[in-house]
Amino acid sequence: MTAILPRSFGVFGDPVAHSRSPIMHAAAFAALSLPHCYLPFHVSAGRLGEAVRGAAALGFGGVNLTVPHKQAALALCDHRSDTAERVGAVNTLRFVPNLDTGAIEIHGHNTDARGFLDALDELDGPPLRRATILGAGGASLAIADALLGAHPELELTWVSRRPEHIPSLALANATERVRRCNWQELGTPRGELLVNTTIVGLAGGPEAFPVDIELDQLEPRARVIDIVYPRPSGGLLDRAVAAGLTVQDGLPMLLWQGVRALELWLELVIPDHAVEAMRTALYS
Ligand code: ATR
């Protein structure tokens, strides 16, 4: 049997020290008996180009990108996936040798979108007909794109302090199914899914939404997801549990975007036991 050569992977961000991705990917490599490593790299906004080209030159297998690089990385990519193009953000880079030219091409993907759907699939709930997304930052674009693409009948209410800034590209050609509104126009959320993508509840972020969010008009067994992790106490998810709804914090989405990135890099389906090793590492 030929030995598998070790390869390097990592995450570029600023800040990056708090990232759980290194521990998650280390667990995957161990579960798959691979000799690879995955490290956090502190890369400031002005140095992303140098860092990405350096990683390509050093033979990295791939990197993840986190704040503040997801949008800026688009311009560095030789190829972008359709999802990355629509969402306007890249969280996973692959370095692909071009056998004709010898150059190393940079391929940009967005696994946040698929990761959200995978995480959503872990929760039982009524079929999705109406959903509400709170906030219109980068993460919300991936979530909206994923939901609209996967659920052709879904009607989406999307709340932002500045709804006019929600880019139409992110609507997956579904503008007629999306109501963009500000917080005062929101009213009481209805339907089967409510997703908080804002920084409300995050340590150091605002403590409360701009208006009270009532949960009593959501369908029975509706799913309420807050992509903040770990779950803040006393916030939206605690109220949703008290209302008998099904809840999830941001860790499953983090897990599944990582699984999908790994699949792109290793070009294999990640087996269940490796996914569970990644989950255990994330929750440790
Ligand atoms: P990310 O890219 O991870 O979504 P971001 O771009 O920093 O992060 O966005 C932060 C999120 O918090 C956005 O959804 C933002 O919503 P807007 O669409 O209104 O900009 C939201 N946000 C930030 N401060 C907020 C506040 N005080 N009240 C409500 N939402 C807030």
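Order of appearance sets the numbers: ligands from 1, and atoms from 1 within every ligand.
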When you look for heavy atoms under 4.0 Å from ligand 1, do you find them on the side chain of Ala139, its backbone, both, or neither? both
Quick one: which ligand 1 atoms are inside 4.0 Å of a heavy atom on [X]?
X: Gly137; value: 2 (O), 4 (O), 6 (O), 9 (O), 13 (C), 14 (O)
X: Gly138; value: 1 (P), 2 (O), 4 (O), 6 (O)
X: Pro210; value: 28 (N), 29 (C)

Minimum-distance pair of heavy atoms, taken over all atoms of Ala277 and Ala27: O-CB, 3.6 Å
Please find the pair of heavy atoms, one from Ala89 and one from Leu74, that lie closest to each other, and give the distance. N-CD1, 4.0 Å
Close side-chain approach of Asn182 and Ser160, heavy atoms under 4.5 Å: no
Best match, Ala142, Gly135, Ser160: closest heavy atom to atom 18 (O) of ligand 1: Ser160
Nearest protein heavy-atom contact for [atom]: which residue, which atom, what distance?
atom: atom 20 (O) of ligand 1; answer: Arg161 NH2, 2.9 Å
atom: atom 16 (O) of ligand 1; answer: Ala136 N, 3.7 Å
atom: atom 21 (C) of ligand 1; answer: Thr198 CB, 3.6 Å
atom: atom 27 (N) of ligand 1; answer: Pro206 CG, 3.3 Å
atom: atom 10 (C) of ligand 1; answer: Ile199 CG2, 3.8 Å

Trp265: what forms a ring pair (Phe, Tyr, Trp, His ring centres under 6.0 Å) with it, not counting sequence neighbours?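 Trp265 satisfies ring pair (Phe, Tyr, Trp, His ring centres under 6.0 Å) with Phe9, His25 only.
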Ring pair (Phe, Tyr, Trp, His ring centres under 6.0 Å) partners for His79, two or more places apart: His107
Looking at Phe60 versus Phe95, is the centre-to-centre ring distance below 6.0 Å? no
Does atom 7 (O) of ligand 1 have a protein non-hydrogen atom under 4.0 Å from it? no
Side chains of Ser44 and Asp14: donor-acceptor distance under 3.5 Å anywhere? no
Going by atom types alone, do Asn64 and Asn91 pair a side-chain donor with an acceptor below 3.5 Å?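 Per modelled atom types, Asn64 and Asn91 side chains form no pair under 3.5 Å.
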